[in-house]
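Note that this is a predicted model, so its numbers are computed, not measured. Residues: numbered from 1 along the sequence shown.
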Amino acid sequence: MDHAARWPLLSLTTPSLLCRARGSLVKFHVMMPDLTRTEAIAANLESVRRRMAAAALRSGRNPSDVRLVAVSKQHPLEDIEAAMAAGQLDFGENRLEELWPKVEAARARGLDAIRWHMIGVIQSRKTRDAIGPFVLIHSVDRVKIAQRLSRDAIAAGCVMDVLLEINVSGEATKHGFTPDELRSVAGDLLALPGIRIHGLMTMAPFEVEPEATRPVFRALRMLRDELAARFPQGDWRELSMGMTNDFEVAIEEGATIVRIGSAIFGARSE
């Protein structure tokens, strides 16, 4: 059941054409990591990685084909440093107003190995703020956002790597293209300059029993395979799906990226 055999993992090392960090007017206070906290984060990461590997092996996949993005929303920079000390380099943020100060604070501390992911909703009036040193934007959820990111990336002289967010479950509270909408506009999106599409992202409904999310993840994989057949000029290798409550099911259904926060950093205050 090796769903990803023909999709080599995207090399997310540095942002496309080095879209540069800009000056930030927001101060981000940095504290020294607490040893006990550092040890707890390292232990949590080890546990998550073991569970990821087991899920991959159950589905006949190589564990190295699944990337972990640690969701650091509302967690301080010292937590990110603690995770880095345990080998974690990919970090995801939901809000641009929190992401940019962290980018600047990390740069000031010489934490240049971090690979930043933008995983939250991008408002159309803020697409310019989404152009930066990010390895992947997971949340292109409508044509207008794709067009504005394309425009702003061209103006900045760089290319942004993105995923298209799909509302597979049809929930009114979820963002994203419906599968039918994407089928009708995929060709136009692939032709946009300034952005490179690398696959799809979804958020499953929260379920007490993670197994209940399987149809959502399976539907996203099947949509990806359909689009790859219809639009072979595109790069559809990435499936960003699965969070703390359901990432093992997502991996079994073909996830190449999982976005995990509370299982690593603990609960956050909203």
Side-chain angles (χ1 to χ4, degrees), residues 1-10 12 52 55-56 58-62 65-67 69 92 117-122 136-147 149-150 160-192 195-207 210-243 245-260:
M1 182 171 157
D2 186 356
H3 305 309
R6 61 194 178 97
W7 299 99
L9 197 66
L10 174 64
L12 300 180
M52 288 175 61
R58 282 196 300 273
S59 54
R61 302 175 62 197
N62 188 329
D65 289 341
V66 186
R67 188 186 312 272
V69 173
H117 297 245
M118 176 57 192
I119 62 176
V121 175
I122 300 172
L136 195 61
I137 296 175
H138 293 232
S139 48
V140 176
D141 60 359
R142 56 195 190 278
V143 171
K144 184 178 182 179
I145 296 300
Q147 292 172 333
L149 285 172
S150 169
M160 299 300 295
D161 294 312
V162 307
L163 304 179
L164 303 177
E165 182 172 358
I166 313 301
N167 185 352
V168 176
S169 66
E171 290 180 280
T173 56
K174 292 284 192 296
H175 295 269
F177 295 92
T178 68
D180 284 342
E181 286 172 340
L182 184 58
R183 290 181 181 102
S184 67
V185 300
D188 294 333
L189 296 177
L190 287 170
L192 287 173
I195 63 172
R196 279 195 295 254
I197 296 168
H198 290 287
L200 308 178
M201 182 271 259
T202 199
M203 291 180 63
F206 178 84
E207 299 285 356
E211 183 63 28
T213 62
R214 190 176 297 277
V216 172
F217 299 138
R218 182 170 295 170
L220 190 73
R221 171 172 51 83
M222 293 175 67
L223 177 63
R224 187 276 306 274
D225 292 347
E226 176 190 337
L227 293 169
R230 289 184 57 192
F231 303 97
Q233 72 273 28
D235 174 5
W236 302 100
R237 75 185 72 183
E238 299 290 356
L239 290 177
S240 174
M241 58 187 192
M243 299 188 293
N245 189 57
D246 52 26
F247 69 88
E248 289 156 302
V249 176
I251 290 171
E252 290 171 358
E253 288 299 327
T256 63
I257 301 173
V258 292
R259 312 178 304 274
I260 300 175

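A 4.5 Å side-chain heavy-atom check between Asp235 and Ile197 finds every atom pair outside the cut-off. Within the 4.5 Å cutoff, the side chain of Phe247 has no heavy atoms near those of the Thr213 side chain. Phe177 has its side chain within reach of Val143: a pair of non-hydrogen atoms, C-beta onward, lies under 4.5 Å apart. Contact of the Met241 side chain with the Glu253 side chain is registered, since non-hydrogen atoms from C-beta on lie closer than 4.5 Å. Glu165 is not listed as a side-chain neighbour of His138, based on a closest heavy-atom distance of 4.5 Å or more. Within the 4.5 Å cutoff, no side-chain heavy atoms of Leu239 are placed close to those of Ile257. Contact annotation: the side chain of Leu164 approaches that of Val140 to within less than 4.5 Å [non-hydrogen atoms, C-beta and beyond]. At least one side-chain heavy atom of Ser139 sits under 4.5 Å from a side-chain heavy atom of Met201.
The distance from atom CG of Leu223 to atom CZ of Arg218, rounded to the nearest 0.5 Å, is 15.0 Å. Between the CG atom of Leu190 and the CD atom of Gln233 there is a distance of 5.5 Å, given to the nearest 0.5 Å. The CG atom of Asn167 sits 10.0 Å away from the CG atom of Asp141 when rounded to the nearest 0.5 Å. Between Ile260 atom CD1 and Met52 atom CE the span is 6.0 Å, to the nearest 0.5 Å. Annotation: the span from Leu227 atom CG to Trp236 atom CH2 amounts to 4.5 Å, rounded to 0.5 Å. In this structure, Ser150 OG and Arg196 CZ are separated by 12.5 Å, a value rounded to the nearest 0.5 Å.
Looking at every heavy atom in both residues, Pro215 comes nearest to Ala212 through CD-O, 3.4 Å. Nearest approach of Val168 to Ala219, heavy atoms of both residues: CG1-CB, 3.6 Å. Across every non-hydrogen atom of Arg61 and Val66, the tightest pair is NH2-CG2, 3.8 Å. Shortest non-hydrogen contact noted between Thr256 and Arg237 is CG2-O, 3.6 Å. Heavy-atom minimum distance, Ala186 versus Phe231: CB-CE1, 3.7 Å. Of all heavy-atom pairs spanning Glu171 and Lys174, the tightest one is OE1-NZ, 2.9 Å.
Applying the side chain to side chain contact (heavy atoms under 4.5 Å, CB included) test to Glu211 and every residue at least two apart in sequence or in another chain returns Arg214, Val249. Partners of Arg183 under the salt bridge (charged side-chain N to carboxylate O under 4.0 Å, His left out) rule, at least two apart in sequence or in another chain, are Asp180, Glu226.
Within the 3.5 Å criterion, the main-chain N or O of Met243 finds a donor-acceptor partner in the side chain of Asp246.
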Worksheet item: Between Ser240 and Arg259, is a side-chain hydrogen bond (donor to acceptor under 3.5 Å, both in side chains) present by the stated rule, with each step listed?
Response: CA-CA 7 Å; Ser240 174; Arg259 312 178 304 274; 2.8 Å; yes
Practice prompt. Test Ile166 against Leu182 for side-chain contact (heavy atoms from CB on, under 4.5 Å), laying out the working first.
Written response: CA-CA 8 Å; Ile166 313 301; Leu182 184 58; 3.3 Å; yes
Practice prompt. Check the pair His175 / Val121 against side-chain contact (heavy atoms from CB on, under 4.5 Å), numbers first and verdict last.
Written response: CA-CA 8 Å; His175 295 269; Val121 175; 3.4 Å; yes
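Put simply, the residue from Asp161, Val162, Ile145, Ile119 that forms a side chain to side chain contact (heavy atoms under 4.5 Å, CB included) with Ile137 is Val162.
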